[in-house]
Amino acid sequence: MARRFILKANKDKPAPKELTIDYASQLNEQQLAAVMAAGGPYLVIAGAGTGKTRTLVYRVAYLVETGVAPEQIILLTFTRRSANEMLTRASSILDGRCNRVRGGTFHAFCLTVLKEHAPLIGLPANFTILDASDDADVIDVLRTAKRYNKGASRFPRKGTLQSIYSASVNRELPVEEVLANQYPHFLGHMEAIQDLQIAYEEYKKQHGLVNFDDLLRYTVDLLSTNDTVRQRVSTSCRHLLVDEYQDTNRLQAELIYLLADVHRNVMVVGDDAQSIYRFRGADFRNIFAFPDQYPDAQILKLEQNYRSTQPILDVANYVIQRAKHKYDKHLFSTLKEGELPGLVAAPDERFESRFVSQMVLQLREEGIPLGRMAVLFRGSANSFDLEVELGERGIPYVKYGGMKLSEAAHVKDVLAYLRILENPKDAVAWNRVLQLLPGIGPKTAQDIVTWVTTDADDPFALENRPFSPRYIEALKALFGVLRPLLKEATSLTHEVEAIITYYEPLLKQKYFEDYPKRLQDLEHFIGLAENGSDRSSFLSSLALDPIELTALNAVAIDDDEAPLILSTIHSAKGLEFQTVFLIHALDGIIPSGYSLKEEESLDEELRLLYVAVTRAERNLFISYPVLQYRRHHGEVLSKPSRFVDNVPQHLLEPWSLIEEHAESQPDSDAKTGKTDNSSDEAFLPF
């Protein structure tokens with residue numbers, strides 16, 4: 001055991017300068033306690049709308065202002081944009097030192113560590129990051145090569161296999177346990193699935209490929225097994241700040257523990273009641289295990305909500321108290337007055353859609369912009385009937401949960417060329433690029449990939465190679481574009497423009513019906529490249545933080561008004577709206593029918609409802625159709641969600657919908673759609 005030497009405190013050390021920020025005037029008592037906390041481990045339970053981001057921003061400023069070197073503060077978030085926004089805000093309230101804080105995503109942080117220490121884990125320095133679809137393509141290539149797709153019984157497809165392997169890595173479970181828990185119908189293929197996993201791991205290593213899970217896994221393995229690297233990396237992390245801790249997986253929680261190995265100054269912020277991403281590998285148990293992992297941890301709470309009225313929070317508090325696993329907290333607001341949230345029983349789906357559309361128009365007449373209203377739902381299909389109704393009424397809307405720009409096929413094509421320039425052994429990129437050429441199918445592409453990726457001196461050599469006249473000219477043209485870009489020192493913008501110029505005829509041929517829209521995306525892509533520093537960081541950035549705008553899914557709307565928001569609840573997390581409509585609040589949807597047999601799954605469905613409710617600022621309507629049409633069954637009687645069916649009426653006001661008849665119009669309140677004599681009826685005109 002090493003000998004210890006205790007350094008005495010320097011009594012002559014000058015007192016710290018007076019703080020430039022008046023933290024007490026900018027924060028409530030609970031926020032202030034978190035911001036000015038001393039060193040050590042802290043768990044901050046931050047309820048919805050309680051100023052979590054504000055607290056982290058001021059915590060960053062406070063640490064910098066009290067003498068912590070900005071480079072030794074690590075802010076880990078789930079999106080790069082979130083980290084950048086926090087650091088920009090911290091700089092605006094203090095000074096530019098906050099921009100030197102190391103903020104970013106878990107995966108980006110791991111990438112930095114692995115780029116520096118790649119040889120220690122058997123990776124080349126120029127390894128390539130695979131996005132989800134490319135990762136699945138690797139699995140599919142190996143699945144086909146081993147002829148598992150030709151068996152008598154159904155073998156898992158590439159996407160399912162990817163999910164199985166990802167769950168195994170992120171949850172640190174053997175494949176057989178993942179199969180038993182989630183895919184029992186594939187247990188008969190267990191040996192083949194395990195064999196394919198071994199081949200998959202070997203293939204990635206051989207070709208210098210790393211997927212998202214690998215970034216976390218390799219970093220955790222490196223820090224766990226190499227004391228020297230762990231000491232060096234952990235020493236540089238004097239203070240760790242972690243956002244959305246409830247959404248971390250097992251590997252991410254382990255990574256944080258390793259990074260805090262030296263200083264143990266770690267503050268994680270999250271809300272157990274908003275853990276809704278289990279399907280992505282998030283483990284809600286991390287936030288409950290934190291006090292066990294750090295026995296000296298202090299638990300702080302943020303409970304004052306700045307978003308919603310108290311009537312909305314009363315519903316949220318009532319709903320979440322039914323969770324089996326939770327931290328006790330009570331959201332409160334200074335906005336005591338407000339409309340009671342409504343529980344709207346619609347005769348059928350058409351009535352529900354008509355109610356939402358009519359109420360949207362009425363609220364818009366009151367002065368609430370469409371863009372400040374949102375319709376939330378459990379799954380994308382739940383909004384199909386509403387979309388028809390909105391279209392008939394001419395109400396513009398945008399639906400979230402669509403394709404990201406860097407996931408669009410034509411953009412992935414261009415990225416594949418860039419990836420080849422970055423890593424000529426990237427077999428996945430080669431396979432995609434080659435199959436764009438006429439005369440080259442999957443089998444020929446694999447043959448060419450084999451000799452291209454094994455030629456270390458010149459991957460573009462054609463001499464002494466077997467080839468067919470049907471594609472040789474196309475292959476020469478491809479190599480003629482890539483070879484000079486690889487050999488010459490050019491800018492990223494020049495590379496992208498050269499590639500798109502070459503690719504445009506292929507684009508028109510492959511996507512003839514809508515290639516003008518795809519060209520718009522590629523023009524946007526060139527603009528992104530102009531802001532990129534170099535090819536390597538540009539590719540890493542796109543892989544780690546995909547851009548979400550694509551012209552393919554854009555709907556033309558008036559420039560003078562933002563559209564109504566339609567969104568799944570999962571996609572709306574973190575957002576807020578003046579008015580929220582939660583539609584199809586039915587048993588079997590919220591909660592999902594698949595969750596009814598497992599306590600943990602049922603709890604997550606309850607948290608999903610909580611997230612939806614807490615998106616609303618002033619108006620909240622929860623609706624469901626009493627009758628539903630089901631294929632082969634016709635109309636069937638449905639049940640409202642068990643989560644809202646027993647909420648007291650003094651918290652959630654029941655509404656009913658009736659037709660307005662022209663010959664006997666009621667004396668109605670045009671602003672609310674309710675009669676003067678009844679608070680629970682809405683009249684729908686023909």
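Computed from a predicted model, the values in this text were never measured in an experiment. One is the number of the first residue; the rest follow in order along the sequence.
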For this session: Could you tell me whether the side chain of Y245 reaches within less than 4.5 Å of the side chain of Q252, counting heavy atoms only?
Result: no
Exercise. Can you find a heavy atom in the side chain of M36 that is under 4.5 Å from one in the side chain of R59?
Worked result: no
Exercise. Under 3.5 Å, is there a donor-acceptor pair between the side chain of K301 and the main chain of D328?
Worked result: yes
Problem set entry | Flag if over 12 foreign heavy atoms under 6.0 Å of NZ, K324 | no
For this session: Report yes if some heavy atom in the side chain of Q310 is under 4.5 Å from a heavy atom in the side chain of L335; otherwise report no.
Result: no
Seminar exercise, completed: When every non-hydrogen atom of L43 is compared with those of Y327, the smallest separation belongs to CD2-OH, 3.4 Å
Exercise. Between S357 (side chain) and S353 (backbone), is there a donor-acceptor pair under 3.5 Å?
Worked result: yes
Exercise. Does V580 reach the side chain of I622, with side-chain heavy atoms less than 4.5 Å apart?
Worked result: no
Exercise. Do K573 side-chain atoms and H570 backbone N/O form a donor-acceptor pair below 3.5 Å?
Worked result: no
For this session: For residues L240 and M267, determine if any side-chain heavy atom of one lies less than 4.5 Å from a side-chain heavy atom of the other.
Result: no
Exercise. Quick one: side-chain contact (heavy atoms from CB on, under 4.5 Å) partners of N170, sequence neighbours excluded?
Worked result: S166, D213, L216, N249, L251
For this session: Verify salt bridge (Lys or Arg N to Asp or Glu O under 4.0 Å) between K412 and D131, making sure each step is shown before the conclusion.
Result: CA-CA 10 Å; K412 286 180 67 64; D131 67 14; 2.7 Å; yes
For this session: Indicate yes or no: at least one non-hydrogen side-chain atom of P640 is less than 4.5 angstrom from one of L586.
Result: no
Exercise. For the side chain of T88 and the backbone of N84, is there at least one donor-acceptor N/O pair under 3.5 Å apart?
Worked result: yes
Problem set entry | Check ion pair D587-R642 (N to O, under 4.0 angstrom) | yes
Problem set entry | Q31 and E29: side chain donor to acceptor below 3.5 Å | no
Exercise. Ion pair present between D603 and R322, side-chain N to carboxylate O less than 4.0 angstrom?
Worked result: no
For this session: With R354 as the cation and F351 as the aromatic partner, state whether NZ or CZ is under 6.0 Å from the six-membered ring centre and within 45° of the axis.
Result: yes
Problem set entry | Geometric cation-pi criterion R607 and F284, 6.0 Å radius, 45° cone | yes
Exercise. Would T579 and N619 count as having a side-chain donor-acceptor pair, cut-off 3.5 Å?
Worked result: yes
Exercise. So, does E303 use its side chain to make a donor-acceptor pair with the main chain of L331 at under 3.5 Å?
Worked result: no
Problem set entry | Note, D283 side chain near T248 side chain (heavy atom, < 4.5 Å) | no
For this session: Drop me the distance from I74's CD1 to L241's CG, to the nearest 0.5 angstrom.
Result: 9.0 Å
For this session: Show your working on salt bridge (Lys or Arg N to Asp or Glu O under 4.0 Å) between R307 and E576 and close with a plain yes or no.
Result: CA-CA 8 Å; R307 175 187 302 158; E576 55 190 50; 3.0 Å; yes
Problem set entry | Spatial distance of atom CG (L609) from atom CD (E604) [nearest 0.5 Å] | 13.0 Å
Exercise. Does CZ belonging to R278 count more than 12 external heavy atoms closer than 6.0 Å?
Worked result: yes
Exercise. Taking the six-membered ring for Trp, is the centroid-to-centroid distance between Y624 and H584 below 6.0 Å?
Worked result: no
For this session: To the nearest 0.5 angstrom, please state how far the CG atom of L76 sits from the CD atom of E244.
Result: 13.0 Å
Exercise. Is the side chain of Q162 donor-acceptor paired with the backbone N or O of A132 at a distance under 3.5 Å, no angle test?
Worked result: yes
Exercise. Side chains of K399 and S383: is there a donor and an acceptor less than 3.5 Å apart?
Worked result: yes
For this session: Tell me yes or no: between the side chains of S623 and E352, is some donor less than 3.5 Å from an acceptor?
Result: yes
For this session: Quick one: closest heavy-atom pair of F581 and L363, and the distance?
Result: CZ-CD1, 4.2 Å
For this session: Carefully, step by step, assess D348 and R350 under the rule salt bridge (Lys or Arg N to Asp or Glu O under 4.0 Å).
Result: CA-CA 6 Å; D348 56 28; R350 188 65 174 164; over 6 Å; no
Problem set entry | Carboxylate-amine/guanidinium proximity below 4.0 Å for K52 and D271 | no
For this session: Would you tell me whether N305 and T50 have side-chain atoms, one donor and one acceptor, within less than 3.5 Å of each other?
Result: no
Problem set entry | D645 side-chain N/O to S641 backbone N/O, donor-acceptor pair under 3.5 Å | no
Exercise. Do S333 side-chain atoms and S308 backbone N/O form a donor-acceptor pair below 3.5 Å?
Worked result: yes
Seminar exercise, completed: Distance col, row I565:CD1 vs L376:CG, nearest 0.5 angstrom, shows 10.0 Å
Exercise. Short question: side chain of N286, backbone of A253 - any donor-acceptor pair under 3.5 Å?
Worked result: no
Problem set entry | Ring geometry between W655 and F621 (parallel below 30°, tilted from 30 to 60°, perpendicular above 60°) | perpendicular
For this session: Determine whether the side chains of Q321 and N317 contain a donor N or O and an acceptor N or O closer than 3.5 Å.
Result: no
Problem set entry | R615 side, atom CZ; L575 side, atom CG - distance, nearest 0.5 Å | 7.5 Å
Exercise. For the side chain of R171 and the backbone of A282, is there at least one donor-acceptor N/O pair under 3.5 Å apart?
Worked result: no
Exercise. Judged by modelled atom types alone, do T53 and R89 share a side-chain donor-acceptor pair under 3.5 Å?
Worked result: no
For this session: For the residue pair S571 and T568, confirm or rule out a side-chain donor-acceptor distance under 3.5 Å.
Result: yes
For this session: State the OH-CG distance between Y62 and L27, to the nearest 0.5 angstrom.
Result: 12.0 Å
Exercise. Does a side-chain heavy-atom distance below 4.5 Å link I93 with Y58?
Worked result: yes
